[in-house]
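First comes the structure, then the notes that go with it.
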2 protein chains.
Amino acid sequence: MSKIKRSSTNFSNKVALSDECPEAYASHIIGGQWTLVICSWLLNGKLRFGELKKKLPNITERMLTLQLRKLEKNKIVCRTVHAEVPPRVEYELTPIGLALRSVIKELEYWGDCHKQLMNE
Amino acid sequence: MSKIKRSSTNFSNKVALSDECPEAYASHIIGGQWTLVICSWLLNGKLRFGELKKKLPNITERMLTLQLRKLEKNKIVCRTVHAEVPPRVEYELTPIGLALRSVIKELEYWGDCHKQLMNE
DNA sequence: CTCATTACTTACATTTTGTATAGTACCTAT
DNA sequence: ATAGGTACTATACAAAATGTAAGTAATGAG
């Protein structure tokens with residue numbers, strides 16, 4: 001996470017790939033360790049920061065923040081701050097975020113099949 | 001790539017997540033930078049090492065080797081060595097590898113939508 | 001005034017992934 | 001005998017992702 005150097009070969013390789021392969025592009029966007037899990041919780045409705053934290057065992061606050069920021073930047077979730085004390089911040093999927101449902105469904109199905117295969 | 005430490009928190013987080021979330025599991029398996037691109041080329045039929053290399057601009061031989069090894073370990077591709085000189089090695093998707101087609105299709109579709117959205 | 005609550009920041013360490021560059025073994029054709 | 005093609009392997013290093021531990025601001029309750 002954090003930042004990525006726009007000058008590195010690494011970076012330009014990713015850009016080149018993303019340019020011509022929408023699947024590489026997509027996997028780069030939703031490819032973080034926690035991204036999909038966060039989204040799949042949010043598919044059931046909006047959640048607060050603290051609620052998400054409880055749902056995701058072992059995630060640190062830093063990681064959760066970073067992932068949510070990235071998701072927000074990519075317009076996958078939308079963030080609502082309620083001006084209260086203590087603060088209340090809610091996260092909700094945008095339309096394109098909700099559109100991940102079918103991707104996630106396919107991934108889950110494939111993942112289950114694969115896991116079963118590997119256990120033989 | 002190379003090896004991953006089985007003692008790191010990082011590692012155990014991944015294991016824990018993979019255990020309960022098939023989508024995290026799947027994204028961990030097919031999540032490398034080149035994995036999906038390789039698979040989507042192989043969806044059209046078997047290819048040799050050198051052919052794959054040509055298809056993937058900028059990939060290094062090391063990376064290609066590592067990714068193919070990982071794919072092989074996960075039973076997504078199968079490797080056939082022809083005992084000739086110069087050597088000829090062919091890579092082909094297994095059934096579970098071919099089953100990635102629908103995952104890739106969904107990802108591509110979503111990726112296209114997302115990219116369009118972000119360009120507005 | 002002090003404490004608790006919530007949603008973060010910040011600074012830094014570690015782990016994982018990717019790149020660059022140079023080799024190797026094998027046989028075949030020149 | 002040497003050069004060339006194929007599919008690698010080795011080593012060193014760079015960059016990115018993830019993790020740990022500690023702090024911050026705001027304010028209402030006691």
Side-chain angles (χ1 to χ4, degrees), chain A residues 1-18 24 27-38 46-54 56-72 77 79-91, chain B residues 1-17 24 27-38 46-54 56-70 72 77 79-91:
Chain A
M1 246 29 260
S2 56
K3 59 217 161 197
I4 101 176
K5 280 200 183 167
R6 313 200 129 244
S7 54
S8 65
T9 320
N10 207 323
F11 177 77
S12 43
N13 272 349
K14 269 176 190 154
V15 168
L17 261 182
S18 294
S27 115
H28 182 216
I29 293 207
I30 60 172
Q33 178 170 193
W34 305 95
T35 316
L36 281 177
V37 194
I38 292 174
K46 61 171 71 166
L47 286 173
R48 300 179 56 177
F49 184 88
E51 290 173 323
L52 271 171
K53 201 176 109 184
K54 268 176 223 137
L56 306 171
N58 302 323
I59 198 174
T60 59
E61 302 195 332
R62 179 181 129 85
M63 264 301 124
L64 185 50
T65 305
L66 284 172
Q67 301 279 352
L68 286 170
R69 288 283 182 284
K70 184 180 166 197
L71 285 170
E72 197 190 353
V77 304
R79 180 167 175 268
T80 317
V81 184
H82 299 269
E84 306 170 1
V85 168
R88 184 159 62 95
V89 182
E90 290 182 318
Y91 293 92
Chain B
M1 244 42 258
S2 56
K3 60 213 160 201
I4 102 175
K5 279 199 181 167
R6 313 200 129 242
S7 55
S8 66
T9 319
N10 209 324
F11 178 76
S12 42
N13 272 349
K14 268 175 190 154
V15 168
L17 261 182
S27 114
H28 182 213
I29 293 207
I30 61 173
Q33 178 171 190
W34 306 94
T35 316
L36 281 176
V37 194
I38 293 175
K46 62 173 70 165
L47 286 173
R48 301 180 55 177
F49 186 87
E51 290 173 324
L52 271 171
K53 203 176 107 183
K54 268 177 222 134
L56 305 171
N58 302 323
I59 199 173
T60 58
E61 302 195 332
R62 178 180 129 86
M63 264 300 121
L64 185 50
T65 305
L66 284 173
Q67 301 280 350
L68 286 170
R69 289 285 182 284
K70 183 180 166 197
E72 197 190 354
V77 306
R79 181 166 175 268
T80 317
V81 184
H82 299 269
E84 308 170 1
V85 168
R88 182 159 62 94
V89 182
E90 291 182 318
Y91 294 91

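Note on naming: letters A, B, ... go to the chains in the order of the sequence lines (proteins, then strands), and numbering restarts at 1 for each one. Computed from a predicted model, the values in this text were never measured in an experiment.
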So, is R88(A) near the phosphate of dT27(D), with a side-chain N or O under 4.0 Å from OP1 or OP2?
no
Does some side-chain heavy atom of F49(B) sit less than 4.5 Å from a side-chain heavy atom of L68(B)?
yes
Would you give the length of the straight line joining atom CZ of R69(B) to atom CZ of R79(B), rounded to the nearest 0.5 angstrom?
4.5 Å
Does dA7(C) have its OP1 or OP2 closer than 4.0 Å to a side-chain nitrogen or oxygen of R48(A)?
yes
When you measure from the side-chain N and O atoms of R69(B) to the phosphate of dT9(D), is any distance below 4.0 Å, counting only OP1 and OP2?
yes
Rounded off to whole Å, could you give me the CZ-to-C1' distance for the F49(A) and dT5(C) pair?
13 Å
Are Q33(A) and dG19(D) close enough that a side-chain N or O sits under 4.0 Å from OP1 or OP2?
yes
Length of the CG-P vector between L52(A) and dA7(C), whole Å
10 Å
Quick check for you: among dT15(C), dG18(C), dA7(C), whose closest atom lies nearest to any side-chain atom of N10(A)?
dG18(C)
In whole Å, I'd like the distance from the CG atom of L17(A) to the P atom of dG18(C).
11 Å
Take the protein atom CD1 of I38(A) and the nucleotide atom P of dT18(D), then report the distance between them rounded to whole Å.
10 Å
Does a side-chain heavy-atom distance below 4.5 Å link I59(A) with N13(B)?
no
Just to confirm, is there a sub-4.0 Å distance from OP1 or OP2 of dG19(D) to any side-chain nitrogen or oxygen of N13(B)?
yes
Using heavy atoms to find the nearest nucleotide of DNA chain D for P87(A) and G50(B) separately, return the residue whose nucleotide is more 5′.
G50(B)
May I ask you to say what R6(A) touches in the nucleic acid, namely base, sugar-phosphate or nothing, with a heavy-atom cut-off under 4.0 Å?
nothing
So which one's nearest nucleotide on DNA chain C is more toward 5', T9(A) or K14(B)?
K14(B)
To the nearest Å, how far apart are H28(B) NE2 and dA17(D) P?
15 Å
With sequence neighbours excluded, residues passing side-chain contact (heavy atoms from CB on, under 4.5 Å) with V37(A):
W41(A), L56(A), L17(B), C21(B), A24(B)
Could you check how far CE of M63(A) sits from P of dT10(C), rounded to whole Å?
15 Å
Among dC27(C), dT5(C), dT19(C), which nucleotide has an atom closest to any side-chain atom of V85(B)?
dC27(C)
dA17(D) phosphate, OP1 or OP2, under 4.0 Å from Q67(A) side-chain N/O:
no
Could you go step by step and tell me if W34(A) and L66(A) meet the side chain to side chain contact (heavy atoms under 4.5 Å, CB included) rule?
CA-CA 10 Å; W34(A) 305 95; L66(A) 284 172; over 6 Å; no
Could you check whether the side chain of R62(A) and the base of dT10(C) have a donor-acceptor pair of N or O atoms closer than 3.5 Å, going by distance alone?
no
Per nearest nucleotide of DNA chain D, the residue lying toward the 5' end, N58(A) or E84(A), is N58(A)
Starting at CZ of R6(B), measure out to CZ of F11(B) and round the result to the nearest 0.5 Å.
4.0 Å
To the nearest Å, give me how far apart CG (L66(B)) and P (dA12(D)) are.
17 Å
What is the distance, to the nearest angstrom, from the CD1 atom on I59(A) to the P atom on dT20(D)?
11 Å
Starting from the 5' end of DNA chain C, give me the residue, T65(A) or S8(B), whose nearest nucleotide shows up first.
T65(A)
